[in-house]
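Remarks on the structure that follows.
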Protein chains: 2
Amino acid sequence: MGKAVSKKGEQPSVDKTNFETLNGFTGYHLKRATNLMMSDLNATLKPFELRLLSYTALVLIVDNPRIRMSQLAAAMDVERPNMVVIVDALEGRELISRQRLENDRRAYALNITLAGRSLYEKATVAVRGHEERLTRQLDAQTRDKVIEAIKLILKIGGVAHT
Amino acid sequence: MGKAVSKKGEQPSVDKTNFETLNGFTGYHLKRATNLMMSDLNATLKPFELRLLSYTALVLIVDNPRIRMSQLAAAMDVERPNMVVIVDALEGRELISRQRLENDRRAYALNITLAGRSLYEKATVAVRGHEERLTRQLDAQTRDKVIEAIKLILKIGGVAHT
DNA sequence: GATATTGGTTATCAATCATAACTAATTATC
DNA sequence: GATAATTAGTTATGATTGATAACCAATATC
């Protein structure tokens, strides 16, 4: 957790760790920043009893009314069996509803409930606060540049969706 | 700005998923880019029978000869018990060596072996290739700007080490 | 109309990560 | 200088996450 605190007055048997090589890797910085942001995000969502995946599901259902579970799973890059437990939990809390499709009775249309929308809105306010806190030092211009750069990386990887 | 969702009444959204809200979050882009890079990195390291953590350990041992296990664990943000299995595996392959410290016989000094250095060098060439491939679209200037921005985020989070 | 495919589900398993408790050695306290 | 507290490393174990296989019901394909 915390950084090692050197005891006063004695020469530390080990000096500060040298991160020279790792610092040369973009992926290293990306991963550390992501770890930090995901950790803070989970703490942000905790009061709402939401986690990264359940919140993401809520968001996508709000933005995509009547989305199917399989489409949601694909959008979230989650295996279908794992999607089931996420949806089960959200439905159990009556934040979303499953509704059989008339035209394809295998599938469900997922919709947000009133309670779900209310929670979504509160959580999203908190998430925007978390984002603002963690990217405060970045002027909007820089932040946009970062996102642009990241999108380029995603495009190269062939997983860009926008 | 929003991608037009088919406005044909109550049709299920079998069309493109709308990521509007998620796209507004820096953390979302960060995480997706990181997922992509980590996945590609693991594939890159596979031929060397290394994983993210074992490779990172190798790098830090090369850059910090005689580093202690606990310092390595702290640097990698890994719990000590989990560090043990990583070090065990690397030592089992004779890529690194444990050496008791004379001045503190509880601790070990970790060092790279000749075989370890050789593997490290080959793997690092591959990793640099992987980095180059995934950040090819970014001019050096942009990449540096991204890293600077990420470092700012890390500083706010209080986990910056450089 | 038989066959293949798809959406969702269940059960299960592997991988990852964290925690508790132990030993041996060192440091702190009186 | 004996005792207590702390630290480095280890072992065993448990929780959480993520992936796979097999299944049922509905739809699509030929």
Side-chain angles (χ1 to χ4, degrees), chain A residues 1-14 17 31 34-35 38-39 42 45-46 49-57 61 66-92 96-110, chain B residues 12-14 17 31 34-35 38-39 41-42 45-46 49-57 61 66-92 96-110:
Chain A
M1 300 234 295
K3 294 259 163 187
V5 180
S6 64
K7 296 291 177 158
K8 70 169 294 236
E10 46 180 65
Q11 185 178 350
S13 52
V14 279
T17 306
K31 177 139 173 58
T34 302
N35 284 350
M38 291 306 104
S39 158
N42 269 314
L45 290 175
K46 190 147 211 169
E49 292 181 74
L50 290 171
R51 309 267 292 287
L52 170 62
L53 290 185
S54 46
Y55 175 69
T56 306
I61 292 168
R66 297 181 59 75
I67 190 173
R68 289 147 162 253
M69 282 184 60
S70 55
Q71 190 184 350
L72 182 59
M76 291 176 60
D77 203 19
V78 159
E79 295 300 319
R80 262 101 88 204
N82 299 327
M83 193 76 257
V84 172
V85 319
I86 296 168
V87 167
D88 276 353
L90 291 176
E91 193 195 27
I96 65 171
S97 68
R98 273 177 170 103
Q99 201 180 358
R100 280 284 180 202
L101 291 183
E102 340 42 61
N103 43 332
D104 185 346
R105 303 219 329 280
R106 293 170 299 184
Y108 289 113
L110 302 181
Chain B
S13 50
V14 282
T17 306
K31 176 136 173 59
T34 302
N35 283 351
M38 291 306 106
S39 158
L41 176 62
N42 268 315
L45 290 174
K46 189 146 213 173
E49 291 181 74
L50 290 171
R51 309 266 290 287
L52 169 63
L53 290 185
S54 47
Y55 174 70
T56 305
I61 292 168
R66 296 181 60 74
I67 191 174
R68 289 147 162 252
M69 279 183 62
S70 54
Q71 189 184 351
L72 182 59
M76 290 176 61
D77 202 20
V78 159
E79 295 301 320
R80 263 95 82 190
N82 299 325
M83 192 79 256
V84 173
V85 319
I86 296 168
V87 167
D88 276 354
L90 291 175
E91 193 196 26
I96 64 172
S97 69
R98 274 177 171 104
Q99 200 178 358
R100 280 282 180 204
L101 290 183
E102 327 63 43
N103 43 331
D104 184 348
R105 302 220 329 281
R106 292 170 300 183
Y108 289 113
L110 302 180

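Just so it is clear: chains get the letters A, B, ... in the order the sequence lines come, proteins before strands, and each one is counted from 1. Side chains are part of it too, since the values below use all heavy atoms of this structure and drop only hydrogens, waters and symmetry mates. What you see is a predicted model; the values in this text were computed from it and never measured.
Under the rule for a side-chain contact (heavy atoms from CB on, under 4.5 Å), the partners of B/L52 that lie at least two apart in sequence or sit in another chain are A/K31, B/M38, B/L41, B/N42, B/T56. Annotation: side-chain contact (heavy atoms from CB on, under 4.5 Å) contacts of A/S39 (sequence neighbours excluded): none. Applying the side-chain contact (heavy atoms from CB on, under 4.5 Å) rule to B/A73 yields the partners B/R80, B/M83; only residues at least two apart in sequence or on another chain are considered. For A/E91, the salt bridge (Lys or Arg N to Asp or Glu O under 4.0 Å) partners are A/R98, not counting sequence neighbours.
Taking atom CG on B/N82 and atom P on C/dA15, their separation rounds to 15 Å, with Å as the unit. Straight-line distance from the CD1 atom of B/I86 to the P atom of D/dT10: 12 Å, rounded to whole Å. Between the CZ atom of A/R98 and the C1' atom of D/dA25 there is a distance of 15 Å, rounded to whole Å. Look at OH on A/Y108: it is 16 Å from P on D/dC24, rounded to the nearest Å. Atom-to-atom, CD of B/Q71 to P of D/dT7 comes out at 15 Å; the value is rounded to the nearest Å. Atom CZ of A/R100 and atom P of D/dC24 are 16 Å apart (whole Å). As a whole-Å value, the separation of A/E79 CD from D/dG18 P is 11 Å. Straight-line distance from the CG atom of A/D88 to the C1' atom of C/dT9: 9 Å, rounded to whole Å.
One finds no side-chain N or O of A/S70 lying less than 4.0 angstrom from the OP1 or OP2 phosphate oxygen of C/dT6. OP1 and OP2 of D/dA21 both lie 4.0 Å or more from every side-chain N or O belonging to A/R80.
Sequence order on DNA chain C of the closest nucleotides to A/A107 and A/V85 puts A/A107 first from the 5' end.
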Distances for protein N or O near nucleotides 27-30 of chain D N or O, under 3.5 Å:
unit_1: D/dT27; atom_1: OP1; unit_2: A/R105; atom_2: N; d: 2.9

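Side chain of A/P81, nearest nucleotide from D/dT11, C/dG7, D/dA21: D/dA21.
Pairs engaging residues 99-108 of chain B under the salt bridge (charged side-chain N to carboxylate O under 4.0 Å, His left out) rule: B/R66-B/E102, B/R68-B/D104, B/D104-B/R106 [sequence neighbours left out].
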**Q.** Audit row: A/E79, A/N82, side-chain contact (heavy atoms from CB on, under 4.5 Å) steps and yes/no
**A.** CA-CA 5 Å; A/E79 295 300 319; A/N82 299 327; 3.8 Å; yes
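Between B/L90 and the choices B/V85, B/L110, B/L50, the side-chain contact (heavy atoms from CB on, under 4.5 Å) rule is met once, by B/L50.
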